[in-house]
Amino acid sequence: MDFHAMEEADGVRFSFSIWPTSRLEATRCVVPLGCSYTPLKKIADAPPPLPYEPIYCKGPCRSVLNPACQIDYRNRMWVCPFCATRNHFPHHYADISEQNLPAELIPQYTTIEYQLQRPFAPPPVFLLCVDTSGKEKELQALKDSLIMALNLIPDNSRVGLITFGTTVQVHELASEAMPKSYVFRGSKEVTTQKVQDFLGLGPRGMRGANPDMVTRFLQPYSECEFALTSIIEALEHDPWPVKQEHRVLRCTGTALAVASGLLECSNANNPSRIMLFLGGPCTEGPGQVVSVEKEEPMRAHMDIDNETAKWHKKAMAHYAGVAASCVQNGHVIDVFACALDQCGVAEMKACVEKTGGVIVQTDTFTNVIFKESFKRVFARDENNELKMAFNAELEVITSREFKVAGAIGCCASLNKKSSSVAETEIGIGGTCAWKLCALTPNTSVSLMFEVTTQHTSPIPAGQLRYTQLHTHYIHASGQHRLRVTTLAQSWATTEGGGENKLGAQGWMEVGMSFDQEAAAALMARWAVHKAETEESFDILRWLDRKLIQLCQKFADFRKDDQNSFRLAPNFSIYPQFMFNLRRSQFLHVFGASPDETAFFRIYLLTETVTNNVLMIQPSLLAYSFNHPPGPVLLDVSSISPDRILLLDTYFNIVVFHGETVAEWRRQNYQDNPEYASFKQLLEAPQAEAKELMVERFPFPRFVDCNQHGSQARFLLSKVNPSSTHNQQGSFGGNGEIVQTDDVSFQTFMEYLQRLTVQS
C-alpha cells in the first residue's frame, strides 16, 4: 500500500487504512485508529481554488458536495454519503452531465479549495514585543535583526511596537515630531478594557476601539517605516537600577497581556501575530517565573513534579488566560527566547501551543539559529505571498459507523457538538471542530477516531467509510478560503454469519494497511499529550504494554518459541521507533530543562509525519573511500576511524569525523592537490548538511565534531548503545563504546520477543 501517494494526494496518513468493523474488534488493533492531516499540504495536480461558494448538504451533517456522492443526472440531485439526504443542485449546475462535471465531482480531486465570496481580511498585523532589559550587546543584535526582518514583511502589513523591562511601553508610530509612548506598570494585572481606556482607543468603558485612534499604534509598514526604524535604533537598555545580587526586573506577563489587549480591541478575528523577543525570565508581575534574588535558582523538572516550584502554577494560569484570549480572537503568539538561562518557556507553552505560533530557543540574539529562523518566518511562496495562513478552523464529518475521539496538535477546541463526536476522548476531545490560529505548509494535526458499530450489527459488504475534513482559513492575501478533503476507505472483510467479527482474511487486510511511520507519530503525540498530566515512568510502561499487545496481535510466532517470532515488513521498524521514542528528549527529561522539553514537544505536536519520524529516529549517513555515500544503522558500530557520519535529528545536524579522518584533516591533507579525493570526501557531508538546512524550521544547530571530541556527545547520545562500558556489542564494532546504562536495541528486542510469545 502506497501511503506516500495518499499523503501527496490529500495530505493525510492513517495508522491503519483498512479498519475493523466493530468497536470490540477495533480495540484489538492496539494502536489508535487515526490520521495525521496537513491542511495546507501543497497538492501537485490540484485545480486552482474554485471562485464560487461550496454546495452544502441540507441534512444535519452539513457536508460539502464531493466525488463520493451519488449523482442523479436526470433529476439534477445528489445523495450525501454521510447522512443519505437527497439534495437538489442549484440552477447554475443545470448543464451537469457525466461528460460535464464540476471540479468538485471529478474523482481524482478528493481535495479541493474554494475562494469564499466574502470581503477580504485586512493585511496582517505584526506586533513586536521587545525585551529591553537584556545586555547592551544582545539588545544591539536584536535591533539589527528587527530592522533586517522588517524589510521582509509585505509593505501593506501593519506593524506595532511594545517594549518592556521594569515597565511596559506602547510606542506611538504616528507622532513624527517627537517619539511618544504610553507606560504601564509591570507589576499590575492588565485587562483589555484597561488597555483600551488607557491608550485612548475609544470612549471610556465602551467595547471595541475607534479605528482612527488605533492607527496611532498600528500602521502600514510603508507609512511608518522611518518612524519605526528610528524608534528601534534609539532603543536603550532598561535604565532601572539593579542591585548586584538581583536579577533585572522583567515584566513579560504584563507585556503579553497589553499586546493581547491592544489587538483584541483593535483587530479581533483578523490576521495578527504577537512576536515576543525575550532575553531572560519574567521576574515581576503576573507571569513571574522566578524571584528577583539570584540566590533562588530557576525551577527544574524535579521542582515542578514535587510542586516546590513557587511561581509555576500562577504563571501557567496567567499565560493560559492570555492564550485563551488570543485563541478567541484568532491571534498568534510567537516566542523568540534567547538567553543562557531559562526564560520561562515552559510556563508560556500554552501561548505558543494553543495559538499555533513558532518558538525559537537559543543562547543569544547574535546566534545564527535566531537570525535565520526569524528570517524564515517571513518566507514567501512562488506567488510572492507569505507562507502562512491565519484564523483557521478545522471541522471533521464522519459517516455513521465511526466518530472522532479528539485531536492532538497545536490547536484549541471550539466545543462544537455533532453526531460525529465520540464519547471517548483522546487528546482534545468532545468536539468535532478545532481552532488553529496559524497554519504553515508543514502544520499537521493528529485526529483520533473510534468505531462505534456494535459486533451484533454487521456492516454490508462493499460499504465504504467516509471522512470529510473542512479547513476554513484566511490566506496570506486576505482571501477567505475553504479546503475540503473527502476520504472514502474500505472496511475489513468480516466472517459473515450475522456477526460483526473479523476472520483471518479480515485481520490480514488490516495488518497489510498498517503505516508504521504514521502510527509511530500518532503514538509519540499521544504519549507527549499524556506526559503533561502523568508520570514519565508510567508512560514508558504504557508504551511497552502497547508494543507487546501489538506484536501479540500482528506478529507470526509459535507459543513459547522465541526464535519463531517474525514481523511483516510494514511492522518491522515499528519496535525500533518505540525504542528510540522511549530514549528521546520528548519523554526522557533527565538532563533537560523544562524550557527545552516544552520546546521539543511543541515541534513534535506541530510537524508532519516525516519530520516527526526524523525527531524520533534520526537519520545517519556514512561517507568513506570504500563505499558510496548511503544510510547506515543508527548504532555505535557504524562509527569507524576512516568514516565521516552525517546525523540529522531535525533540531541538530552533526558532521562526525572518525579518528583517522580527523587526524588527516588536522594535518591539512585536504590542502594538498595530491589528496583532492580526500578534500571531496570532506566536502560531501558539508554540502549535504547545507541542503538539509535550506528549508528547515527552526534553523537547526550545526555541529562539526571529531571522534573522542567533547561534541561527539551529540552523536553518541542518539545511537543505539550496542557496545557500552558494561557489554561488548554483537556487531563487532571498531572499539567505540557508549558510556550509558541504557539497554541496547538487541536486548530490547529479546525482551519484546520473550514477552510476546510467552503463554
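Residue indices begin at 1 and follow the sequence shown.
In this structure a side-chain-to-backbone donor-acceptor pair under 3.5 Å is present from Lys403 to Ser419. Judged purely by atom type and a 3.5 angstrom limit, Asp561 has no side-chain atom pairing as donor or acceptor with the backbone of Val757. In this structure, Ser490 contributes its side chain and Ile18 its backbone to no donor-acceptor pair below 3.5 Å. Between the Glu517 side chain and the Val609 main chain, no donor and acceptor come within less than 3.5 Å of each other. Of the possible polar contacts, none joining the Ser444 side chain to the Ser36 backbone as a donor-acceptor pair under 3.5 Å is found. Thr355 contributes a side-chain N or O that, together with a main-chain N or O of Cys351, makes up a donor-acceptor pair within less than 3.5 Å. With Asp515 contributing its side chain and Ser15 its backbone, the two residues share no donor-acceptor pair below 3.5 Å. Not a single donor-acceptor pair under 3.5 Å links the side chain of Glu736 to the backbone N or O of Val636. With Thr756 contributing its side chain and Cys551 its backbone, the two residues share no donor-acceptor pair below 3.5 Å. Put simply, the side chain of Ser457 never gets that close to the backbone of Thr453: no donor and acceptor are under 3.5 Å apart.
For the atom pair CZ of Phe745 and CD of Gln576, the computed distance is 4.5 Å after rounding to the nearest 0.5 Å. For the atom pair Leu540 CG and Arg545 CZ, the distance stands at 11.0 Å (nearest 0.5 Å). Gln617 CD to Leu634 CG: the interatomic distance, rounded to the nearest 0.5 Å, is 6.0 Å. Here the straight-line distance linking atom OG1 of Thr471 with atom CG of Leu394 works out to 4.5 Å at 0.5 Å rounding. The distance from the CG atom of Leu447 to the SG atom of Cys35 is 4.5 Å, given to the nearest 0.5 Å. Rounding to the nearest 0.5 Å gives a distance of 8.0 Å between NZ of Lys349 and CE of Met316.
In this structure, Val484 and Asn66 have side chains that are not in contact, with every pair of non-hydrogen atoms separated by 4.5 Å or more. Side chains of Phe554 and Phe514 form no contact here, defined as non-hydrogen atoms less than 4.5 Å apart. Proximity of Arg28 to Trp507: side-chain heavy atoms (C-beta onward) are separated by under 4.5 Å at one or more points. Using a 4.5 Å cut-off on side-chain heavy atoms (C-beta onward), Phe3 and Ser17 make contact. Residues His588 and Arg583 are not in side-chain contact: their nearest non-hydrogen atoms beyond the backbone lie 4.5 Å or more apart. Trp526 places none of its side-chain heavy atoms less than 4.5 Å from the side chain of Leu522. Put simply, the side chain of Val719 does not reach to within 4.5 Å of the side chain of Asp635, judged on heavy atoms. A heavy-atom distance below 4.5 Å is found between the side chains of Leu487 and Phe14.
Minimum interatomic distance between Val421 and Gly430 (heavy atoms only, all atoms of both residues): CG1-C, 3.7 Å. Scanning all heavy atoms of the two residues, the minimum distance from Ile616 to Ala524 falls at CD1-CB, 3.6 Å. Closest of all the heavy-atom pairs between Val451 and Phe402 is CA-CB, 3.9 Å. Between Ser744 and Pro721, the shortest heavy-atom contact is CB-O, 3.4 Å. Taking every heavy atom of both residues into account, Pro594 and Ala300 meet most closely at CG-C, 3.7 Å. When all heavy atoms are compared, the tightest approach of Lys718 to Asn580 is O-OD1, 4.3 Å.
Around the CD atom of Glu532, the shell of radius 6.0 Å holds more than 12 heavy atoms that belong to other residues, nucleotides or ligands. Atom CD of Gln739 is surrounded by more than 12 heavy atoms from other residues, nucleotides or ligands within 6.0 Å. Within a 6.0 Å sphere centred on NZ of Lys435, heavy atoms belonging to other residues, nucleotides or ligands number more than 12. The number of heavy atoms from other shown groups lying within 6.0 Å of CG (Asp45) does not exceed 12. The number of heavy-atom neighbours closer than 6.0 Å to NZ of Lys501, taken from other residues, nucleotides and ligands shown, is 12 or below. At most 12 heavy atoms of other shown residues, nucleotides or ligands fall within 6.0 angstrom of atom CD in Glu691.
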For Thr440 and Leu40, what are the C-alpha separation, side-chain angles and deciding distance, and is it a side chain to side chain contact (heavy atoms under 4.5 Å, CB included)? CA-CA 7 Å; Thr440 69; Leu40 291 194; 5.9 Å; no
Could you walk me through whether Thr724 and Ile737 pass the side chain to side chain contact (heavy atoms under 4.5 Å, CB included) check? CA-CA 5 Å; Thr724 69; Ile737 61 168; 5.7 Å; no
Apply side chain to side chain contact (heavy atoms under 4.5 Å, CB included) to the pair Val743 and Tyr751, showing each step before the final yes or no. CA-CA 11 Å; Val743 298; Tyr751 275 93; over 6 Å; no
Apply side chain to side chain contact (heavy atoms under 4.5 Å, CB included) to the pair Arg525 and Leu605, showing each step before the final yes or no. CA-CA 6 Å; Arg525 286 187 172 195; Leu605 295 176; 4.1 Å; yes
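A salt bridge is defined here as a Lys NZ or Arg NE, NH1 or NH2 lying under 4.0 Å from an Asp or Glu carboxylate O, and Glu450 with Arg23 meets this definition. Under the 4.0 Å criterion applied to side-chain N and carboxylate O atoms, Asp544 and Arg582 are assigned as salt-bridge partners. Contact check on Glu7 versus Arg13 returns a salt bridge, with a Lys/Arg side-chain nitrogen under 4.0 Å from an Asp/Glu carboxylate oxygen.
Pairs passing the ring pair (Phe, Tyr, Trp, His ring centres under 6.0 Å) check and including a residue from residues 410-430, sequence neighbours excluded, do not occur.
With 3.5 Å as the limit, one finds a donor-acceptor pair spanning the side chains of Ser399 and Glu401. Thr485 and Asp10 form no side-chain donor-acceptor contact under 3.5 Å, judged by distance and modelled atom types alone. Asn442 and Thr608 share no side-chain donor-acceptor pair at under 3.5 Å. Under the 3.5 Å distance criterion, with hydrogens and angles disregarded, a donor-acceptor pair is assigned to the side chains of Gln468 and Thr486. Residues Asn720 and Ser722 have side chains that never bring a donor and an acceptor to within less than 3.5 angstrom of each other. For the 3.5 Å distance criterion, the side chains of Gln505 and Glu509 qualify, holding a donor opposite an acceptor.
Between Phe571 and Phe16, the ring planes lie tilted relative to each other; the angle falls in the 30° to 60° range. Using bins of under 30°, 30° to 60° and over 60° for the plane-to-plane angle, the ring pair Tyr650/Tyr603 lands in the tilted bin. Aromatic ring pairs are classed by plane angle as parallel below 30°, tilted from 30° to 60° and perpendicular above 60°; the pair Phe748 and Phe579 is tilted.
In this structure, Arg483 is not positioned above the aromatic face of Tyr37 in the sense of NZ or CZ being under 6.0 Å from the six-membered ring centre and within 45° of the axis.
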